[in-house]
Amino acid sequence: MKDSFKRNFLKLLLATYIVIVAIDVIFIENFITEGLINIMIIGSLFVVISVMLFFVELINRDEILEIQNSLIFWISIGVLLFNIGFIPIIIIAEFIAYRGVFSYIILTLNIIMSLCFITGFLVSKKEFNN
C-alpha cells in the first residue's frame, strides 16, 4: 500500500484483530468451541476489507491494463473468493446441521482458491511482479 491512510488503516485492523483474539483467549471459557468461530469470522472480514483496499489502490495505478499478468492479483482474487464464500457458511453453520455439506463447500472453495493460485503462477510475468 502506497497510501499512508490505507496502510495505517490496515495496521489498525491488525491491532484490532490481535486485541479481539487476546480478549477471546482470556475471557471465553469454551474458547475452542465458541471463541474460534468469532475469530474466524472477524479475521475473514478483515481479509476481505484488506483485499478490497488493495483492489482500490490497484485500480488507481497505471498498470491496470496488464493486471492479469500479476501474481499478487490472482492470489488476492483467490483469497477474496474463498473468504466471501466462507463467511456466510460459518455464520449459517450454527443454525443448520452442516456436517456433510460443510465439507463439500469448503472443498469447493479451496479448489477455487487453488485454481486462482495456479492461474496466477501460469500467467504471471516477471516484470509485473515487483
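For this chain, numbers begin at 1 and follow the sequence in order. Predicted model only: the values in this text are computed from it and were never measured.
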Got a list of side-chain donor-acceptor pairs under 3.5 Å for residues 84-91, not counting sequence neighbours?
none

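- A distance of 10.5 Å separates CE of M52 from OG of S76, quoted to the nearest 0.5 Å.
- With sequence neighbours excluded, the residues forming a side chain to side chain contact (heavy atoms under 4.5 Å, CB included) with L115 are I111, listed by chain and number.
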Would you be so kind as to tabulate the donor-acceptor pairs closer than 3.5 Å made by side chains of residues 12-21, with sequence neighbours excluded?
residue, atom, partner, partner atom, Å
T16, OG1, L12, O, 2.7

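- Shown here are the side chain to side chain donor-acceptor pair (under 3.5 Å) partners of S44, two or more places apart in sequence or in another chain: N83.
- Residues V56 and V47 do not share a hydrophobic cluster, defined by chaining ILVMFWY side chains whose heavy atoms lie under 4.5 Å apart.
- With values rounded to the nearest 0.5 angstrom, I23 atom CD1 is found 12.0 Å from N38 atom CG.
- The one candidate from I77, N110, I112 that meets the side chain to side chain contact (heavy atoms under 4.5 Å, CB included) condition with F82 is N110.
- Scored by the ring-ring contact (aromatic ring centres under 6.0 Å, His included) test, F46 finds no partners at all (sequence neighbours excluded).
- When the side chain to side chain contact (heavy atoms under 4.5 Å, CB included) test is applied to N8, the partners found at least two apart in sequence or on another chain are K11.
- To the nearest 0.5 Å, the span separating CD1 on I59 from CZ on F54 amounts to 10.5 Å.
- To the nearest 0.5 angstrom, M113 atom CE is 10.5 Å from I75 atom CD1.
- Closest heavy-atom contact between S70 and S124: C-CB, 4.2 Å.
- A donor-acceptor distance shorter than 3.5 angstrom exists from the side chain of W74 to the backbone of Q68, with no hydrogens or angles considered.
- Between L81 and C116, the closest heavy-atom pair is CD1-SG, 4.1 Å.
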